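Written out below as structure tokens is the structure these notes cover.
Chain A is the first sequence line, chain B the second, and so forth, proteins listed ahead of strands; every chain is numbered from 1. None of the values given here were measured: they were computed from a predicted structure.
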Number of protein chains: 2
Amino acid sequence: MADAGEAPELDELVEQLRATGARVTSARRLVLRELLASGDEHPTAEELAQRIQRTDPEVHVSTVYRTLESVEQAGLVVRAGLGDGPTTYHLAHDRHHHARCDGCGAVIHLDDRAFATVVRRLERDHGFLAAPRHLTVQGRCRGCRATSG
Amino acid sequence: MADAGEAPELDELVEQLRATGARVTSARRLVLRELLASGDEHPTAEELAQRIQRTDPEVHVSTVYRTLESVEQAGLVVRAGLGDGPTTYHLAHDRHHHARCDGCGAVIHLDDRAFATVVRRLERDHGFLAAPRHLTVQGRCRGCRATSG
DNA sequence: CTTGATGCAAATGGTTTGCATGTTT
DNA sequence: AAACATGCAAACCATTTGCATCAAG
């Protein structure tokens, strides 16, 4: 099972992309580079495009969208578009989930392990192979439980 | 803790809505009635509008959207973003989660209980009181595991 | 040289909004 | 009467697509 290991090199990602049969163009390289540079930010397609355009103004947003689709299918990138606002993206090696406080917005990171029970249940009861990618659990953090009703 | 109990009566819902200060109009009553009638379907705003229009053709989609916003804020309705496609809605008393197949889009219902481990962990490790509202776990259903890679 | 990728512009689709009018409280 | 909700059309925004051109394999 793919896990949250070290950050990969650009060349690694490029190679994995090529392995799926997709062609490696300069635009695609730039998208991957920008995703690497984004760390644990979760940029939108538009944001990626703008940053990339500082290097190559020719790269169009639609290309970024198409590239994101390819790299997502290659399993390199995860779509974290939840809640409101546009979809955000991050590299797949950085797999994590969130618990977010309804009160103050504080975010706690959760690893896959927390969802083991759910995964097992789905397998046992439905033959469903769960691969949770990006879940956000709502609730109230310690501080907000004390403070407000 | 609010839980998935009996289906409420229309009048109950109406009363709860009124209690938040919102005005109760015939359109809003129709939205709630339609949500009740939808059982565990998850209608989109558009679908709700169409069904409502069989009773009152004057009711406009934008009204349905505005109503959904009000009833969501009143805590009567939960927004269920199932990945792609338009947002779907269901009554809050019917709390559950989903597993959705990446391949064919099939949806499996999961009850709160499946997430007990996550909830316990968050409480123990972070004093975080989780109240998951609507999570969608991705994966592959039995059929799609067999069929495709 | 073949196939897939790109730029651009235009289309799409879900959702939101401005405004004049109608309805609830 | 005052505040809020509605219908409608138009705006909006993220994303997708058709097509001619270009570059990677």
Residues in salt bridge (charged side-chain N to carboxylate O under 4.0 Å, His left out) with A/Glu15, at least two apart?
A/Arg18
May I have all residue pairs that pass salt bridge (charged side-chain N to carboxylate O under 4.0 Å, His left out) and include part of residues 37-55 of chain B, sequence neighbours excluded?
B/Glu41-B/Arg51
Kindly write out the residues that satisfy salt bridge (charged side-chain N to carboxylate O under 4.0 Å, His left out) with A/Glu12, not counting sequence neighbours, or none if the list is empty.
none
Which sits closer to the 5' end of DNA chain C, B/Arg18 or B/Pro86, going by the nucleotide each is nearest to?
B/Pro86
Atom CG of B/Leu68 to atom C1' of D/dT6: distance rounded to whole Å?
15 Å
Residue list, salt bridge (charged side-chain N to carboxylate O under 4.0 Å, His left out) with B/Arg100, at least two apart or on another chain:
B/Asp84
Send over the distance from A/Tyr65 OH to D/dA14 C1', rounded to a whole Å.
5 Å
Looking only at heavy atoms, which two atoms of A/Ala74 and A/Thr20 are closest? And how far apart?
CB-CG2, 3.6 Å
Candidate pair B/Glu123 and A/Arg145, rule salt bridge (charged side-chain N to carboxylate O under 4.0 Å, His left out), full reasoning
CA-CA 11 Å; B/Glu123 164 78 59; A/Arg145 285 171 80 173; 3.3 Å; yes
Residues in ring pair (Phe, Tyr, Trp, His ring centres under 6.0 Å) with B/His109, at least two apart?
B/His42, B/His96, B/His98
Across all chains, not counting sequence neighbours, the salt bridge (charged side-chain N to carboxylate O under 4.0 Å, His left out) partners of A/Glu9 are none
Could you pick out which residue, B/Ala22 or A/Ala45, lies toward the 5' side of DNA chain D when each is mapped onto its nearest nucleotide?
B/Ala22
With the threshold set at 4.0 Å, does a side-chain nitrogen-carboxylate oxygen contact exist between B/Asp102 and B/Arg140?
no
Interface residues of residues 54-62 of chain B with DNA chain D (non-hydrogen, below 4.0 angstrom)
B/Glu58, B/Val59, B/His60, B/Ser62
Can you give the donor-acceptor pairs under 3.5 Å from side chains of residues 26-37 of chain A to other protein atoms, not counting sequence neighbours?
unit_1: A/Arg28; atom_1: NH1; unit_2: A/Arg23; atom_2: O; d: 3.1
unit_1: A/Arg28; atom_1: NH2; unit_2: A/Ser70; atom_2: OG; d: 3.4
unit_1: A/Arg33; atom_1: NH2; unit_2: A/Thr55; atom_2: OG1; d: 3.1

Rounded distance in Å - CZ (A/Arg79) to C1' (D/dA14)
11 Å
B/Phe128: which residues meet the ring pair (Phe, Tyr, Trp, His ring centres under 6.0 Å) condition with it, sequence neighbours left out?
none
Step-by-step side chain to side chain contact (heavy atoms under 4.5 Å, CB included) determination, B/Val137 to B/Phe115:
CA-CA 11 Å; B/Val137 180; B/Phe115 291 92; 4.2 Å; yes
Can you give me the first and the last nucleotide of DNA chain C (5' to 3') that has an atom within less than 4.0 angstrom of a non-hydrogen atom in chain A?
C/dT3 to C/dC8
Using atom CD of A/Glu46 as one end and atom P of D/dC12 as the other, report the distance to the nearest whole Å.
16 Å
Divergence of helical axes at both termini of the helix from C/dC1-D/dG25 to C/dT25-D/dA1 - five pairs an end, 10° steps
40°
Any side-chain donor paired with an acceptor under 3.5 Å for A/His97 and A/Asp112?
yes
Looking at DNA chain D, which of residues 23-33 of chain B put a heavy atom within less than 4.0 Å of it?
B/Arg23, B/Thr25, B/Ala27, B/Arg28
